[in-house]
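This is a predicted model, so every value here is computed, not measured. Convention: sequence-line order gives letters A, B, ...; per-chain numbering from 1.
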Amino acid sequence: MNFDQDQLRKAIVSLAIEKTLLGIGKPVYEKTIKQLSKEYGIYLPECYDHPEYLNKVLKKIFGNAHITIIEAIKKELDEHLTEKPIETFLIAIGE
Amino acid sequence: MQNNLEKLQEQKSLFACLLITGMAIVCATFFGKEVVKIVTDFTYIPVAGSLVVLCIVISLRFKKTGNHGKAWLLFLATAISWFIAETTWTIYELVYHLNPFPSEADIFYIVGYPFLFLFSIHYLKPFTKLISRKMIISASLIAVSVLIPNLYMTFDNNSNENKLTIALGATYPVADAIILVPALIGIFLFFRGEVSFLWTLLLVGILFEVIGDTGFQYFTLDNSYYTGHPVDILFIWSYVMFSFGVYDHIKIFKKDENVKQNKLLDN
């Protein structure tokens, strides 16, 4: 049961990241995936367990402005904020 | 490490381009005004044309997706508009042997500015939350300060030029100052990011335009401007700056072969 819940949260987080990045542009989404894979050997759903990697990749591409992308991801996940693991993810990604 | 090397290589190419275009005009000056006019006019066409080609490439890459997709289409509109302007200027001067200022070319030069401004707005749109009022005011103050020499020249001149020509000449630095505001904001927002190179080159390119347009206005009022005048080097350099900025963006967001292969496997 817990395993399923975790998979579901991973999917929700992945979708939120994907939607936010596609809102900027498809190549931005593709570049982020590429960097995650190249530098940290992870795919998008694994950002749920390693939010700091996504933070670093976005910072490398957009510099100071990466904060707004993270804010947008947080906004996408607003309705799931009551779930503790998602809250933990959001705190970690913002650090 | 490889990225740093690539960046260094790119910067070397940028400086080489600036040196070649600048030297071409300076050297042509020694052969007289007719030669420098032809050399300058024929330098503008490929330089402005390269920017169009690079903008087409990046627009095709983004394919209207997201805010940046729309932004690049607007940048393409600027590049096309300025390319038409440069071509019109050259035709006026080399084919009809007429003074191209003021002429239809100015319509295309001016039309390019709103598109460039809208490009910046669309590009910065996803990051608006980070743009404070203080930031806008500071950028606007810098933009207004670069306008002062031009405004002084416009209102305090004894030129025989007609009012339309003077007003048109003054329009350019005003338009430059307007597009300078989002460029300055972009520099701050993307500081230390990969995309900051584009914004740095855009800012430097716009500053070249500001100085070039102010110089153009000054020497036009002074009746000493001719095509191939040293201020033209600044206009050509601004195209070079914009082109290298777009080229850098193409490289940052180039299609990944692995993504392509994964898509093929998915199908």
Side-chain angles (χ1 to χ4, degrees), chain A residues 10-11 14-47 51-78 81 90-91 93-95, chain B residues 1-4 7 57-73 75 119 122-132 135 182 185-200 246 248-263:
Chain A
K10 258 187 190 178
S14 283
L15 277 173
I17 299 167
E18 191 178 327
K19 195 182 168 194
T20 306
L21 295 176
L22 286 175
I24 304 172
K26 200 177 171 197
V28 173
Y29 166 71
E30 288 175 358
K31 165 84 180 174
T32 309
I33 293 178
K34 184 177 129 186
Q35 288 295 101
L36 282 169
S37 162
K38 195 176 150 189
E39 287 179 24
Y40 303 103
I42 63 161
Y43 294 101
L44 203 56
E46 290 158 89
C47 287
E52 70 279 11
Y53 294 159
L54 180 65
N55 188 316
K56 280 179 185 166
V57 163
L58 292 175
K59 192 173 183 178
K60 192 177 173 189
I61 303 171
F62 292 106
N64 290 341
H66 81 288
I67 300 161
T68 48
I69 303 176
I70 286 162
E71 287 297 322
I73 294 168
K74 280 183 182 174
K75 205 179 168 191
E76 280 296 324
L77 292 168
D78 242 8
L81 257 176
L90 289 177
I91 291 166
I93 200 176
E95 278 173 358
Chain B
M1 185 67 184
Q2 195 190 353
N3 277 347
N4 289 340
K7 211 62 155 185
V57 173
I58 191 103
S59 298
L60 287 173
R61 176 75 185 104
F62 274 80
K63 286 181 189 143
K64 286 194 286 185
T65 58
N67 285 300
H68 287 191
K70 289 176 197 111
W72 286 113
L73 282 176
F75 201 101
F119 155 78
H122 271 85
Y123 195 105
L124 300 178
K125 209 174 172 184
F127 313 101
T128 40
K129 275 190 177 172
L130 217 61
I131 304 170
S132 63
M135 206 189 287
I185 292 171
I187 289 282
F188 176 79
L189 286 185
F190 304 118
F191 183 65
R192 285 187 180 166
E194 284 183 48
V195 297
S196 70
F197 193 59
L198 165 79
W199 287 90
T200 308
V246 178
D248 184 65
H249 234 62
I250 292 170
K251 277 176 59 184
I252 292 172
F253 295 106
K254 71 180 173 200
K255 212 171 184 86
D256 186 26
E257 288 304 312
N258 292 333
V259 174
K260 266 193 228 170
Q261 278 172 1
N262 286 345
K263 266 191 186 166

Given the rule in the side-chain contact (heavy atoms from CB on, under 4.5 Å) test, do B:Arg192 and A:His66 qualify, once you have shown the distances and angles that lead to the verdict?
CA-CA 11 Å; B:Arg192 285 187 180 166; A:His66 81 288; over 6 Å; no
Taking everything shown except B:Lys125 itself, do over 12 heavy atoms lie less than 6.0 Å from its NZ?
no
B:Leu124: what forms a side chain to side chain contact (heavy atoms under 4.5 Å, CB included) with it, not counting sequence neighbours?
B:Ile131, B:Pro182, B:Ile185, B:Leu189, B:Phe190, B:Trp199
Smallest heavy-atom separation, A:Ile61 atom then B:Phe253 atom, equals CG2-CZ, 4.1 Å
In terms of heavy-atom contacts, does CZ of B:Phe188 have more than 12 from other residues, nucleotides or ligands at under 6.0 Å?
no
Relative to chain B, which segment of A:Leu21 carries a heavy atom at a distance below 4.5 Å: side chain, backbone, both, or neither?
neither
Say you draw a straight line from CZ of B:Phe127 to CD1 of A:Ile24; how long is it, rounded to the nearest 0.5 Å?
4.5 Å
Applying salt bridge (Lys or Arg N to Asp or Glu O under 4.0 Å) to A:Lys19 and not counting sequence neighbours gives A:Glu76
Region of A:Leu22 in contact with chain B, defined by heavy-atom distances below 4.5 Å
backbone
With rounding to the nearest 0.5 Å, note down the distance linking NZ in A:Lys26 to CZ in B:Arg61.
8.0 Å
Residue from A:Pro27, A:Ala65, A:Gly63, A:Ala72 scoring the most non-hydrogen pairs under 4.5 Å with chain B is A:Pro27
For A:Lys59, which atoms come within 4.5 Å of any heavy atom of chain B: side chain, backbone, both, or neither?
backbone
Partner chain B: residue of A:Val28, A:Ile67, A:Thr20 with the largest heavy-atom pair count (under 4.5 Å):
A:Val28
